[in-house]
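Heads up: the structure comes next, in structure tokens.
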2 protein chains.
Amino acid sequence: MTERPFHHGNLRAELLERAEIMLRQRGVDELSLRELAREAGVSHGAPRTHFVDRRALLDALAVRGFERLSASMQASGSREPDDHIAGLTASAHAYVEFATGDAALLEVMWSAVKEKDAAAEVLAAVGQFFATVEAQVAAGIASGSLIGHDVERMTLLISATMHGIGAFASAGRTTPEQNDALIDDAIAGWSA
Amino acid sequence: MTERPFHHGNLRAELLERAEIMLRQRGVDELSLRELAREAGVSHGAPRTHFVDRRALLDALAVRGFERLSASMQASGSREPDDHIAGLTASAHAYVEFATGDAALLEVMWSAVKEKDAAAEVLAAVGQFFATVEAQVAAGIASGSLIGHDVERMTLLISATMHGIGAFASAGRTTPEQNDALIDDAIAGWSA
DNA sequence: ACCTGAACACCGTTCAAGT
DNA sequence: ACCTGAACACCGTTCAAGT
């Protein structure tokens with residue numbers, strides 16, 4: 001039985017890991033820094049070294065979330081390099097899947113963006129998300145498979161629609177089959 | 001200077017009123033039952049008589065919110081009795097306006113719906129909201145101005161899109177002009 | 001029926017002190 | 001540089017007691 005060393009060594013990463021799980025199981029409201037510290041076996045003051053306050057932890061979770069979401073959407077979309085509509089549809093599915101699988105995290109992500117003085121890393125992360133959608137939209141418009149010439153406007157519309165479908169899905173107001181149908185309907189409306 | 005009577009007489013209504021204001025000014029996280037009681041000039045235990053717990057207060061706020069939102073959308077939509085597309089557009093504008101003017105309340109509303117064991121009144125209220133959208137969608141489809149024959153599917157899609165645009169708008173990611181454009185683009189895609 | 005006020009268990013945050 | 005542990009101010013919730 002080696003004694004616990006004074007330095008945890010990996011506390012920041014462990015706190016983020018545990019926080020993501022706690023978020024998934026019990027939601028934001030139940031996410032407590034003190035409980036996290038307890039589970040990690042450190043004193044309640046320890047997290048302070050890595051996260052100045054609760055919001056800093058949530059911001060870090062938001063950044064990781066956007067990175068994972070963007071990567072997932074990019075991967076899904078690029079599996080259809082020739083069919084931009086199919087790529088966008090796959091990307092939208094990835095968003096909705098994230099929304100149902102990590103509903104609380106997605107809430108944390110968007111509310112981190114919404115803060116008046118949102119952290120720079122958070123803004124960068126959400127920017128990366130929009131850039132991912134925009135790239136697919138731009139390709140679709142350029143190839144003539146997507147209507148509209150204003151890329152930004154189309155990016156916002158498609159992002160907003162994905163967001164809305166994801167919200168309803170995670171609220172349990174739609175079945176997975178309905179989600180698929182909604183995504184198809186939405187994108188069909190904007191296909192050239 | 002008459003002394004404060006033992007019975008407040010109107011505590012439930014006052015708490016709801018103050019809570020809505022507090023929500024608008026400082027968000028859900030800052031909404032405290034104790035502070036509300038303090039402001040109303042009653043003891044911290046007093047709210048208990050009217051709301052068993054914090055969630056019961058939020059549920060009541062959600063119900064009121066859905067009622068107000070539905071009424072506003074219905075009013076906006078019915079100002080265009082002959083043009084169902086214009087009616088739906090006006091209704092969508094009302095939603096987005098609510099989303100920007102009462103962002104925190106709208107969050108409370110949807111998260112009340114999302115609770116595992118959501119209160120019956122909350123479910124009834126959100127049902128009323130969907131019924132409002134559905135009536136407009138059904139009229140649009142029946143008159144041939146809106147594509148699609150599946151009313152439920154179209155209702156979900158339009159609701160989800162409004163929700164998404166409202167979320168982006170309240171997050172400050174879009175300007176009012178962009179919101180108008182997004183709503184027009186969305187509905188244009190579904191017009192026959 | 002409605003409200004008071006003490007009590008309890010939990011927070012987030014701060015900060016001197018230890019390693 | 002990282003962590004401990006006491007201290008502080010704040011919660012939500014419970015409940016006997018008062019009107």
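These figures come from a predicted structure and were not determined experimentally. Residue numbers start from 1 in every chain, and the chains themselves are labelled A, B, ... in the order their sequence lines are given, proteins ahead of strands.
Counting only Watson-Crick and G-U wobble pairs whose two distances sit under 3.5 Å, DNA chain D takes part in these stems of three or more pairs: C:4-8 with D:12-16, C:12-16 with D:4-8.
Look at A:Arg38 and you won't find any side-chain N or O under 4.0 angstrom from OP1 or OP2 of D:dT4. Applying the 4.0 Å criterion to OP1 and OP2 of C:dG12, one finds that A:Ser32 has a side-chain N or O inside that range.
Judged purely by atom type and a 3.5 angstrom limit, A:Glu107 has no side-chain atom pairing as donor or acceptor with the backbone of A:Ala104. In this structure, B:Ser70 contributes its side chain and B:Glu67 its backbone to no donor-acceptor pair below 3.5 Å. With B:Ser91 contributing its side chain and B:Gly87 its backbone, the two residues share no donor-acceptor pair below 3.5 Å. Of the possible polar contacts, none joining the A:Asn10 side chain to the A:Ala13 backbone as a donor-acceptor pair under 3.5 Å is found. Between the side chain of B:Arg173 and the backbone N or O of A:Val113 there is no donor-acceptor pair closer than 3.5 Å.
Listed by residue number, B:Arg48, B:Asp53, B:Arg54 are the residues of residues 47-60 of chain B with a heavy-atom contact under 4.0 Å to DNA chain D. Residues from residues 107-120 of chain A with heavy atoms under 4.0 angstrom of DNA chain C: there are none. Near-neighbour residues of DNA chain C inside residues 19-27 of chain A, defined by a heavy atom below 4.0 Å, are absent.
Among residues at least two apart or in separate chains, ring-ring contact (aromatic ring centres under 6.0 Å, His included) pairs with a member in residues 150-178 of chain B are A:Trp110-B:Phe168, A:Phe130-B:Phe168, A:His163-B:Phe168, A:Phe168-B:His163, B:Trp110-B:His163. Residue pairs meeting the salt bridge (Lys or Arg N to Asp or Glu O under 4.0 Å) criterion with at least one partner in residues 90-106 of chain A, sequence neighbours excluded, are A:Arg24-A:Asp102, A:Arg68-A:Asp102. For residues 136-153 of chain A, the set of pairs meeting the salt bridge (Lys or Arg N to Asp or Glu O under 4.0 Å) definition, not counting sequence neighbours, comprises A:Arg153-B:Asp185.
Between B:Glu30 atom CD and D:dC10 atom P there is a gap of 13 Å when expressed in whole angstrom units. We find that CG of A:Leu31 is positioned 15 Å from C1' of C:dC10, with the value rounded to whole Å. The separation between B:Glu14 atom CD and C:dC3 atom P is 11 Å, rounded to whole Å. Taking atom CG of residue B:Asp29 and atom P of nucleotide C:dG12, one finds them 12 Å apart after rounding to whole Å. Across the protein-nucleic acid pair, A:Glu35 atom CD and C:dA9 atom P stand 17 Å apart, rounded to whole Å.
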Take B:Met154 and B:Val151 through the side chain to side chain contact (heavy atoms under 4.5 Å, CB included) test and state the conclusion after the steps. CA-CA 5 Å; B:Met154 210 61 197; B:Val151 175; 5.9 Å; no
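Salt-bridge formation is detected for the pair A:Arg26/A:Glu35: a Lys NZ or Arg NE/NH1/NH2 atom is positioned less than 4.0 Å from an Asp or Glu carboxylate oxygen.
Side-chain contact, A:Thr132 with A:Gln74: no donor N or O sits under 3.5 Å from an acceptor N or O.
For B:Ser143, the side chain to side chain contact (heavy atoms under 4.5 Å, CB included) partners are B:His84, B:Ser145, not counting sequence neighbours. Checked against salt bridge (Lys or Arg N to Asp or Glu O under 4.0 Å), A:Glu14 has the following partners two or more places apart in sequence or in another chain: A:Arg18. Residues satisfying the salt bridge (Lys or Arg N to Asp or Glu O under 4.0 Å) test with A:Glu30, not counting sequence neighbours, are none.
Closest heavy-atom contact between B:Ala169 and B:Thr174: CA-OG1, 3.2 Å.
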Name each donor-acceptor pair under 3.5 Å that joins a side chain in residues 57-64 of chain B to protein atoms two or more places apart or in another chain, with its distance.
| from | atom 1 | to | atom 2 | distance (Å) |
| --- | --- | --- | --- | --- |
| B:Arg64 | NE | B:Glu20 | OE2 | 3.2 |
| B:Arg64 | NH2 | B:Glu20 | OE2 | 3.1 |

Would you tabulate the nitrogen or oxygen pairs shorter than 3.5 Å linking the protein to nucleotides 5-8 of chain C?
| from | atom 1 | to | atom 2 | distance (Å) |
| --- | --- | --- | --- | --- |
| C:dA6 | N6 | B:His44 | NE2 | 2.7 |

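Residue B:Arg12 is out of contact with every strand shown, counting any heavy-atom pair closer than 4.0 Å.
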